[in-house]
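Below: one structure, written as structure tokens.
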Amino acid sequence: MTSIISKLPQVGTTIFTTMSALSAQVGAINLSQGFPDYECSPQLVELVNQAMKDGYNQYAPMAGNKALRDEISLKVQKLHKATYNPDTEITITAGGTQGIFTTISAVIQPSDEVIVFEPAYDSYAPTIKIMGGVVKSLELEPANNYRIDWNMVKKLVTNRTRLIILNSPHNPTATILHQEDIEQLSAIVRSQDILILSDEVYEHLIYDGEVHHSMARYPELKERSFIVASFGKLFHATGWKVGYCLAPAHLMTEFRKVHQYLVFSVNSPVQQAIAQYLKDEDTYLSLPAFFQQKRDYFRKGLAETKFELLPSYGSYFQSVKYGHLNQEFDTEFAMRLTREAGVACIPTSAFYTRGTDHKVLRFCFAKKQETLDDAVNRLLDFKF
Ligand code: GLN
């Protein structure tokens, strides 16, 4: 029997896979993993079909379809007044998670430290560990609405700090960065050799007229940032696995060195289709209103249940507290809720490296109205 030393001895299957599988097994309504249960635009599907018929069936360029990179460059210029050269500063990725993995692989040397705010998307910490990096996590609390205490961040910075990972709008807490966060962050990284990985996959899912504070907007942050984005989130097609990364040329050069050996290039017809589809800015500018309506509808329903609602400023997630109802560990409670109420969610302890349990569950509201109705009715009937 051969054996290997696990690079991730503590890691099992991701919570998204686990909860989606359990949900399917018991026939629950799946509000766990974040993905829509309605179709993406038929026009976009048509464009993919057309791209295949037009012969976009061989390798796309390593950096991505040129027309798509041009469109992304125009979009970022228009939205954030930020210039990214499509030839040297934009790379198309196989989704957001690949952009995150590639960035961390490209910049982290063994024993480099990475500051991560937890709860955090579950890929960050394992990827840092695979690269031999050290996760310096700062745990945020629901009690103060997951606010970042920048004085604590300052204390975490050492001469080994190489990267800070940010995520706004935030998965799973649905919080967003504000202007004062940007100022504090700028003050900390200024005159330090620290890079930023900004996970902005929910950039257009932001509500109540709030502005998305992309790192692209702030020149002194932009020059040290890798920004990761996702077309799956943007166009209700998470299964297509296409996203992109923005970074200044000298950083993108290193990103591409890894990218070319990790995926080489990404699904060609989908890129060609998105390049056409992106020309209509309404395809993404309509998203805040579209999702805000779903958020409001779901919150209204959930407010009738025994859960206590946390705010949702962005992303397609809504978290609830249940500590006043029972003291079960959140993973156990999420599984029981899936089996007994028939509604699947994500326990947020999965987003803390230490497994911290604040008795908070995350629901995804990127669902048809009848799905949300059905889920709320089941939660109303559930005997806590
Ligand atoms: N980003 C999605 C979520 O948080 C799912 C990603 C995944 O399944 N890896 O639910």
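Counting starts at 1 for both ligands and their atoms, following the listed order. Just so it is clear, the model here is predicted, and its values are computed rather than measured.
Taking the six-membered ring where the residue is Trp, Tyr207 and Phe365 present tilted rings, their angle falling between 30° and 60°. Classified by interplanar angle (parallel below 30°, tilted 30° to 60°, perpendicular above 60°), the ring pair Phe307/Phe384 is perpendicular.
A donor-acceptor pair under 3.5 Å is absent between the side-chain atoms of Ser312 and the main chain of Ala174, judged by distance alone.
Below 4.0 Å from some heavy atom of Asn171 lie the following atoms of ligand 1, by number and element: 1 (N), 3 (C), 4 (O). Heavy-atom contacts of Gln33 reach the following atoms of ligand 1: 5 (C), 7 (C), 8 (O), 10 (O) (cutoff under 4.0 Å).
Contacts between Arg362 and ligand 1, counted as non-hydrogen atom pairs separated by less than 4.0 Å, involve the side chain only. With a 4.0 Å heavy-atom cut-off, ligand 1 is reached by the side chain of Tyr202 but not by its N, CA, C or O.
Shortest contact from atom 9 (N) of ligand 1 to any protein heavy atom: Tyr121 OH, 3.1 Å.
Thr371 and Tyr38 share no donor-acceptor pair across their side chains, judged by distance under 3.5 Å alone. Side chains of Ser349 and Asp330: a donor on one and an acceptor on the other come within 3.5 Å.
For the ligand labelled ligand 1, residue Phe35 lies outside the 4.0 Å heavy-atom shell.
Within 6.0 Å of CG on Asp193 lie no more than 12 heavy atoms contributed by other residues, nucleotides or ligands.
Taking distance alone, with nitrogen or oxygen atoms compared against 3.5 Å, Phe16 stays at or beyond that limit from ligand 1.
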